[in-house]
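Read the structure below first, then the notes.
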Amino acid sequence: MRIDVVTIFPDYLAPLELSLIGRAAAAGPLQLQIHDLRAWTKDPHRTVDDSPVGGGAGMVMKPDVWGRALDDVLASGPSDPSPGTGECSGREPGGVVDGTTHPGARTVLAIPTPSGIPLTQRTVEDLATADHLVIACGRYEGIDARVAEHYGDRVETLEFSLGDYVLNGGEVAALALVEAVVRLLPGVVGNPESLEEESHGAAGLLEYPVYTRPVEWRGLAVPEVLLGGHHARIARWRRDRALERTAARRPDLLQSLGAEQVVRGDREVLNRLGWGLGPAGVARMRVRRGIPDDAARLAPLAAATFPLAAPPGLDEEALAAFIAENLSVERFEDYLADGARYVVMVGEVEGSGELAGYTLSVLPLSVGEPPYAADVEAIVQERPTAELSKIYVRPEFHSSGLARMLMAQTLAALAEARVEGEPLAVVWLGTNARNRRAQKFYARCGYERRGGRRFWVGGREMSDAVWARPPLESAPPAMAD
Ligand code: ADE
């Protein structure tokens with residue numbers, strides 16, 4: 001690859017002679033030339049700038065000088081025979097760029113500017129496949145806009161920014177771009193494996209923290225797991241730290257992770273951090289207490305999800321009657337208004353306008369109030385006891401982790417509830433005994449199966465499995481659904 005940098009401060013680019021880049025330029029796959037823009041001026045003062053047309057502060061770099069410089073440098077093509085770091089060619093003006101001068105070669109003109117598109121590792125990887133990269137470093141208020149416009153029609157042009165802050169000129173950005181691109185050229189980085197796991201790599205996550213010896217330094221120890229030599233455990237630990245770091249520092253990166261980038265074992269960490277895997281990839285999920293305004297969104301959610309787990313054999317009419325009686329907007333308004341009797345928790349997924357899941361729990365009004373059904377009363381004898389009456393998640397968020405977040409938050413809310421000043425001793429629930437997925441879920445959520453109960457819906461006798469657990473042990477339950 002050939003890289004030309006045009007600047008009014010060639011010495012600024014001297015660091016490129018050092019280290020890997022210098023070595024690549026001396027012997028490797030890189031031809032690097034630094035050019036002094038003033039070589040293309042024609043006046044005795046070697047003027048490169050003028051005041052802004054239309055007024056305003058500062059100076060703007062002249063298009064005619066840049067035009068002569070870039071015509072020349074671009075025309076020299078990817079395989080100029082005179083490579084060398086720090087050389088200023090100062091060639092005479094002349095070459096015309098028409099995009100056909102070097103057929104088959106890919107040339108890119110990169111212009112650093114705070115108003116450019118943010119430079120990313122993806123762009124850098126793409127630029128590393130070019131044959132010829134020309135970097136035009138502006139100073140002052142920047143380069144006359146017609147320069148980018150003119151060359152944009154003739155050669156692949158990239159106006160890029162290093163970040164949302166303003167530098168005095170493009171040289172630092174050029175240094176950064178050259179280093180980022182050149183280290184990707186074949187043979188430049190000694191151990192190509194070191195490119196694989198770094199931040200902004202294919203995983204889409206920031207890199208995990210790294211350590212070396214001594215294992216104890218200023219009272220800080222290298223994490224134990226890294227010393228054990230257990231490769232799978234180390235890989236999992238690193239992945240967990242990468243997920244945590246990315247969630248804390250770059251939630252935007254986590255948000256753009258696709259389902260295919262989420263691997264086994266990620267979901268637990270994501271859920272703990274308040275994220276889950278929805279149909280559109282990784283999304284932030286939040287569970288909170290229901291508020292009166294939620295009734296209008298809860299009723300359609302409940303009506304849509306209840307039939308999916310309804311007892312088998314329940315006919316359409318009975319189902320509709322149950323929904324109308326128990327899951328209407330008015331009923332939810334009642335549930336939400338009566339905090340002594342009901343606890344409603346709702347699950348939201350960022351970016352999806354609707355509620356994605358909910359729970360409805362029923363509290364006793366006195367310590368001794370038994371479960372409403374006699375067969376449950378017989379097998380759940382601790383008091384006070386509450387019923388987790390509903391826990392539903394839209395099907396597209398099944399396996400997202402939202403159900404376990406809802407369960408954890410519901411149990412936490414129930415742990416805070418007081419009945420005549422007393423905390424709940426137990427939470428029970430009934431679930432269709434033939435729904436194996438549900439039984440597995442409750443078992444993983446720390447519930448214990450107490451037995452069964454019979455009940456009537458729409459004139460039919462149904463049977464449920466009854467599960468119970470204390471509302472909260474010391475830590476929220478580790479769950480998987
Ligand atoms: N020139 C001045 N500020 C810059 C930035 N943030 N990125 C690239 N070039 C610049």
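Atoms within each ligand, like the ligands themselves, are counted from 1 in listed order.
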Among Cys137, Gly142, Gly163, Pro114, closest by heavy atom to atom 10 (C) of ligand 1 is Pro114
Determine whether a donor-acceptor pair (N or O, by modelled atom type, separation under 3.5 Å) exists between the side chain of Arg238 and the backbone of Glu207. no
Heavy-atom neighbours of Arg418 CZ exceed 12 at 6.0 Å: yes
Residue, atom and distance of the protein heavy atom nearest atom 3 (N) of ligand 1 read Leu167 N, 2.9 Å
Counting heavy atoms not belonging to Arg146, are there more than 12 under 6.0 Å from its CZ? no
Check the angle between the aromatic planes of Phe332 and Tyr335 and answer parallel, tilted or perpendicular using the 30° and 60° thresholds. perpendicular
Is it the case that ligand 1 has an N or O less than 3.5 angstrom from some N or O of Val166? no
Which ligand 1 atoms, with their elements, are less than 4.0 angstrom from a heavy-atom of Ala173? 8 (C), 9 (N)
Gly169: numbered ligand 1 atoms lying under 4.0 Å from its heavy atoms: 1 (N), 2 (C)
Please report which non-hydrogen protein atom sits nearest to atom 7 (N) of ligand 1, along with the residue it belongs to and the distance in Å to one decimal place. Leu162 N, 2.9 Å
Listed by chain and number, what are the side-chain contact (heavy atoms from CB on, under 4.5 Å) partners of Pro114, not counting sequence neighbours? Val166
If you measure every N/O of Asn168 against every N/O of ligand 1, is any gap under 3.5 Å? no
Salt bridge (charged side-chain N to carboxylate O under 4.0 Å, His left out) pairs, two or more places apart, involving residues 214-224: none
Please list, in number order, the atoms of ligand 1 under 4.0 Å from a heavy atom of Phe160. 8 (C)
Are the side chains of Arg239 and Asp266 in touch, meaning some heavy atoms are under 4.5 Å apart? yes
For atom 6 (N) of ligand 1, what is the nearest protein heavy atom, given as residue, atom name and distance? Tyr165 O, 2.7 Å
What do we get for Thr113 next to ligand 1 when only non-hydrogen atoms under 4.0 Å count, side chain, backbone, both or neither? backbone
